[in-house]
Engineer: 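The structure that follows is given in the form of structure tokens.
Side chains included, hydrogens not; waters and symmetry mates left out as well; all remaining heavy atoms used. This is a predicted model, so every value here is computed, not measured. Count residues from 1 along the sequence.
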Amino acid sequence: MDIINIKDNLSKIGKYIEDGASNAALKSSNFVEISKLNIAISSKEKRIQEIYIKIGEKIYKDFKEGKINNKNIIDKCKEIEEIEKEISSLKKKILKIKDKKNCKNCGLEIDKNAEFCPKCGKEQKA
């Protein structure tokens with residue numbers, strides 16, 4: 001091998017390393033940009049979910065006030081009511097197991113025999 005071939009090979013190797021470094025930098029830059037865009041997308045999707053929840057809350061409030069006449073919506077709202085009753089029943093069972101009750105005024109979990117709520121001060125008549 002002569003010096004020209006070695007120089008030519010070293011030049012090719014240098015070019016290969018330079019291209020690899022440029023490619024790695026570009027991929028890294030792309031990764032960062034993609035990550036930023038995915039975060040932005042996730043943020044927007046979360047906002048949509050928040051709006052869905054607000055819409056649902058508004059519809060359910062209107063249902064409770066008798067302002068809804070769409071059968072599908074009414075059926076779903078009735079389903080929510082049934083689930084709320086089940087949750088209430090489960091919470092009562094937990095209170096009974098814990099020998100507690102909820103304050104009639106503020107809802108704080110208190111001792112079953114408490115005469116006054118430690119949070120709001122409301123008298124707890126039996």
Engineer: Members other than Ile68 in its cluster, when Ile, Leu, Val, Met, Phe, Trp, Tyr link by side-chain heavy atoms under 4.5 Å?
Structural biologist: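 Ile68 shares its hydrophobic cluster with Ile51, Ile55, Ile59, Tyr60, Phe63, Ile73, Ile74, Ile80.
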
Engineer: Check salt bridge (charged side-chain N to carboxylate O under 4.0 Å, His left out) between Lys76 and all other residues, then give those that pass, not counting sequence neighbours.
Structural biologist: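 Once residues adjacent in sequence are excluded, the partners of Lys76 under the salt bridge (charged side-chain N to carboxylate O under 4.0 Å, His left out) criterion are Glu79.
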
Engineer: List the residues meeting salt bridge (charged side-chain N to carboxylate O under 4.0 Å, His left out) with Lys71, not counting sequence neighbours, and say none if there are none.
Structural biologist: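 Partners of Lys71 under the salt bridge (charged side-chain N to carboxylate O under 4.0 Å, His left out) test: Asp75.
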
Engineer: What residues form a side chain to side chain contact (heavy atoms under 4.5 Å, CB included) with Glu123, not counting sequence neighbours?
Structural biologist: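 Glu123: side chain to side chain contact (heavy atoms under 4.5 Å, CB included) contacts with Phe116, Lys125.
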
Engineer: Listed by chain and number, what are the salt bridge (charged side-chain N to carboxylate O under 4.0 Å, His left out) partners of Lys96, not counting sequence neighbours?
Structural biologist: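 Expected list: none.
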
Engineer: Which residues satisfy the side chain to side chain contact (heavy atoms under 4.5 Å, CB included) test with Lys91, sequence neighbours excluded?
Structural biologist: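 By the side chain to side chain contact (heavy atoms under 4.5 Å, CB included) rule, Lys91 matches Ile87.
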
Engineer: Whether Glu81 and Lys64 form a salt bridge (side-chain N of Lys/Arg under 4.0 Å from carboxylate O of Asp/Glu) is what I want to check.
Structural biologist: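 Salt bridge present between Lys64 and Glu81.
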
Engineer: Holding to side chain to side chain donor-acceptor pair (under 3.5 Å), I want the full list of residues that pass it with Lys61, two or more places apart in sequence or in another chain.
Structural biologist: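 Once residues adjacent in sequence are excluded, the partners of Lys61 under the side chain to side chain donor-acceptor pair (under 3.5 Å) criterion are Glu65.
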
Engineer: Once salt bridge (charged side-chain N to carboxylate O under 4.0 Å, His left out) is applied, do any residues pair with Lys93, and if so which ones, sequence neighbours excluded?
Structural biologist: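 Lys93 satisfies salt bridge (charged side-chain N to carboxylate O under 4.0 Å, His left out) with no other residue.
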
Engineer: Supply the members, apart from Ile17, of the Ile/Leu/Val/Met/Phe/Trp/Tyr cluster built from side-chain contacts under 4.5 Å; use none for a lone residue.
Structural biologist: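 Cluster partners of Ile17: Ile13.
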
Engineer: Could I get the full list of side chain to side chain donor-acceptor pair (under 3.5 Å) partners for Asn72, not counting sequence neighbours?
Structural biologist: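 Per chain and number, Asn72 pairs via side chain to side chain donor-acceptor pair (under 3.5 Å) with no residue.
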
Engineer: Only counting residues at least two apart or in another chain, list the ones meeting side chain to side chain contact (heavy atoms under 4.5 Å, CB included) with Lys92.
Structural biologist: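 Lys92 satisfies side chain to side chain contact (heavy atoms under 4.5 Å, CB included) with Ser88 once adjacent residues are dropped.
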
Engineer: State which residues pass side chain to side chain donor-acceptor pair (under 3.5 Å) with Asp62; sequence neighbours excluded, sorted by chain then number.
Structural biologist: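 Side chain to side chain donor-acceptor pair (under 3.5 Å) list for Asp62, sorted by chain: Lys58.
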
